[in-house]
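Notes follow the structure.
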Amino acid sequence: MRREDANAVINASITLVSRKLPDYVRAAMYDIQVLTPMRKGMLGVERLNGILQQFLNPPDEGKAEKELPQGIFREGDKVMQIKNNYQMEWEVRSRYGIPVEKGAGVFNGDMGIIRQVNLFSEQIEVEFDEGRMVTYGFGQADELELAYAVTIHKSQGSEYPAVVIPLLSGPRMLMSRNLLYTAVTRARQCVCIVGLPETFDAMVDNQVEQRRYSSLDVRIRELAAFGA
């Protein structure tokens with residue numbers, strides 16, 4: 001979808017996520033993922049999440065919310081765990097609220113929905129995949145961030161029914177064929193790119209790779225020589 005400025009890209013993305021794609025791919029609105037190359041800027045994760053939250057889960061008298069240093073968390077918000085926490089406890093509950101399974105461990109990239117913001121006990125309850133309920137104290141909420149939009153890098157290893165990719169401009173080292181490939185292959189059924197076709201074409205042509213010099217081959221040879 002050709003759009004030539006950031007606000008037009010955002011408006012089209014909101015329409016796709018909220019109205020067009022859920023019926024098209026037969027998925028819930030929250031399963032449609034916006035993937036963007038950057039964290040900062042007009043189409044960066046930080047700005048997009050604030051705007052998408054206002055349109056997809058606006059303030060409501062029936063929804064409790066809490067403003068924290070990293071932003072507003074509201075009941076119904078889509079959030080992501082941003083660091084591994086092997087001690088964080090979770091439980092799966094029956095339809096009557098009785099715990100039927102317990103465990104520990106919430107991991108970087110796990111996505112969930114805020115089910116309760118309790119201002120009295122200062123806790124946020126998040127439901128992750130397979131009904132795992134996790135309770136965060138307000139002081140632990142720095143492990144969460146809004147996830148209506150996430151960076152393409154952060155989405156690696158994940159899969160969604162459909163993705164929306166806003167593309168206008170960005171640093172050449174970042175806007176590469178490899179990044180575009182990662183974004184497109186996150187979708188099972190449908191990919192919508194919103195922005196400038198020229199940017200898409202430039203990314204396809206940009207085959208720059210960031211090589212990692214880990215000296216792994218040297219280490220393997222040293223181990224092999226030591227073992228011999």
Side-chain angles (χ1 to χ4, degrees), residues 1-18 20-21 25 31-56 69-71 78-84 107-111 142-219:
M1 299 175 63
R2 185 182 185 96
R3 297 292 187 276
E4 299 190 1
D5 67 80
N7 289 333
V9 169
I10 292 169
N11 289 337
S13 298
I14 290 169
T15 300
L16 286 167
V17 173
S18 62
K20 300 293 187 181
L21 288 176
V25 298
D31 293 330
I32 313 301
Q33 189 61 53
V34 176
L35 301 179
T36 184
M38 297 164 288
R39 288 197 61 86
K40 305 289 186 179
M42 294 293 286
L43 293 177
V45 162
E46 295 176 4
R47 183 169 186 262
L48 281 176
N49 270 318
I51 295 172
L52 291 170
Q53 181 190 46
Q54 288 298 309
F55 280 91
L56 303 180
Q70 62 271 40
K78 181 179 182 179
V79 293
M80 173 187 283
Q81 174 80 11
I82 60 172
K83 60 178 71 173
N84 291 331
F107 305 106
N108 186 16
D110 285 355
M111 285 193 180
D142 59 351
E143 297 189 14
L144 295 171
E145 67 179 20
L146 294 177
Y148 298 101
V150 302
T151 61
I152 295 170
H153 174 75
K154 199 77 169 179
S155 73
Q156 292 184 81
S158 300
E159 192 178 61
Y160 314 97
V163 300
V164 177
I165 308 169
L167 285 182
L168 279 183
S169 62
R172 175 176 167 77
M173 286 296 294
L174 177 66
M175 306 293 277
S176 66
R177 176 188 291 191
N178 186 56
L179 190 77
L180 184 61
Y181 175 83
T182 298
V184 169
T185 53
R186 297 310 92 200
R188 286 195 299 269
Q189 297 171 255
C190 181
V191 177
C192 291
I193 298 175
V194 186
L196 294 174
E198 298 88 338
T199 301
F200 175 87
D201 293 339
M203 291 181 74
V204 171
D205 292 337
N206 182 12
Q207 299 188 54
V208 63
E209 293 183 11
Q210 291 185 324
R211 298 184 180 275
R212 296 183 179 181
Y213 297 97
S214 64
S215 302
L216 181 60
D217 59 332
V218 176
R219 296 171 186 269

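As the structure is a prediction and not an experimental result, all values here were calculated from the model.
Annotation: the span from T182 atom OG1 to K154 atom NZ amounts to 15.0 Å, rounded to 0.5 Å. Atom OG1 of residue T151 and atom CE of residue M80 lie 7.5 Å apart, to the nearest 0.5 angstrom. Here CG of D110 is found 14.5 Å from NZ of K83. Values are rounded to the nearest 0.5 Å. Between the CG atom of L48 and the CG atom of L35 there is a distance of 11.0 Å, given to the nearest 0.5 Å.
Counting heavy atoms from C-beta on, the side chains of D142 and P69 never come closer than 4.5 Å.
By the 4.0 Å N-to-carboxylate-O rule, R39 lies close enough to E145 to be salt-bridged with it.
Not a single donor-acceptor pair under 3.5 Å links the side chain of N108 to the backbone N or O of N84. Although no hydrogens or angles enter the test, the distance criterion places a donor-acceptor pair under 3.5 Å between the side chain of R47 and the main chain of M42. A donor-acceptor pair is defined here as one N or O able to donate and one able to accept, closer than 3.5 Å; no such pair exists between the side chain of R186 and the backbone of Y160. Judged purely by atom type and a 3.5 angstrom limit, E159 has no side-chain atom pairing as donor or acceptor with the backbone of A187. Formation of a donor-acceptor pair under 3.5 Å by the S176 side chain with backbone atoms of L179 is found in this model.
When every heavy atom of A149 is checked against every heavy atom of N49, the shortest pair comes out as N-OD1, 2.8 Å. Across all non-hydrogen atoms, the minimal contact from M38 to P171 is SD-CD, 3.9 Å. The shortest heavy-atom contact between A147 and M111 is CB-CE, 4.1 Å. A183 and V163 make their closest contact through O-CG2, 4.0 Å (heavy atoms, listed as atom of the first residue, atom of the second, distance). Listed here is the closest heavy atom pair of L174 and P37: CD2-O, 3.7 Å.
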Under 3.5 Å, which donor-acceptor pairs do the side chains of residues 6-18 form with other protein atoms, sequence neighbours left out?
unit_1, atom_1, unit_2, atom_2, d
N11, ND2, N7, O, 3.3
S13, OG, V9, O, 2.8
T15, OG1, N11, O, 3.1
S18, OG, I14, O, 2.6

Table please: side-chain donor-acceptor pairs of residues 190-204 below 3.5 Å, with sequence neighbours left out.
unit_1, atom_1, unit_2, atom_2, d
E198, OE1, R2, NH1, 3.4
E198, OE2, R2, NH2, 3.0
T199, OG1, L168, O, 2.4

Subject >> side-chain contact (heavy atoms from CB on, under 4.5 Å) between L52 and K78, worked out >> reply: CA-CA 10 Å; L52 291 170; K78 181 179 182 179; over 6 Å; no
**OP:** Could you go through the side-chain contact (heavy atoms from CB on, under 4.5 Å) check for Q81 and L144 one step at a time?
**Re:** CA-CA 5 Å; Q81 174 80 11; L144 295 171; 3.9 Å; yes
**OP:** Start with the C-alpha distance between V79 and L146, add both sets of side-chain angles, then the distance that settles side-chain contact (heavy atoms from CB on, under 4.5 Å), and finish with yes or no.
**Re:** CA-CA 4 Å; V79 293; L146 294 177; 4.2 Å; yes
Subject >> side-chain contact (heavy atoms from CB on, under 4.5 Å) assessment of V25 paired with I32 >> reply: CA-CA 9 Å; V25 298; I32 313 301; 3.8 Å; yes
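Among residues two or more places apart in sequence or in another chain, the ring-ring contact (aromatic ring centres under 6.0 Å, His included) test is passed with F107 by Y86. E46 meets the side-chain hydrogen bond (donor to acceptor under 3.5 Å, both in side chains) test with K40; sequence neighbours excluded. With sequence neighbours excluded, no residue forms a salt bridge (charged side-chain N to carboxylate O under 4.0 Å, His left out) with E143. Here Q54 pairs with nothing under the side-chain hydrogen bond (donor to acceptor under 3.5 Å, both in side chains) rule; sequence neighbours left out.
For the side-chain contact (heavy atoms from CB on, under 4.5 Å) with L167, the qualifying choice from L180, T36, L43 is L180, the only one to do so.
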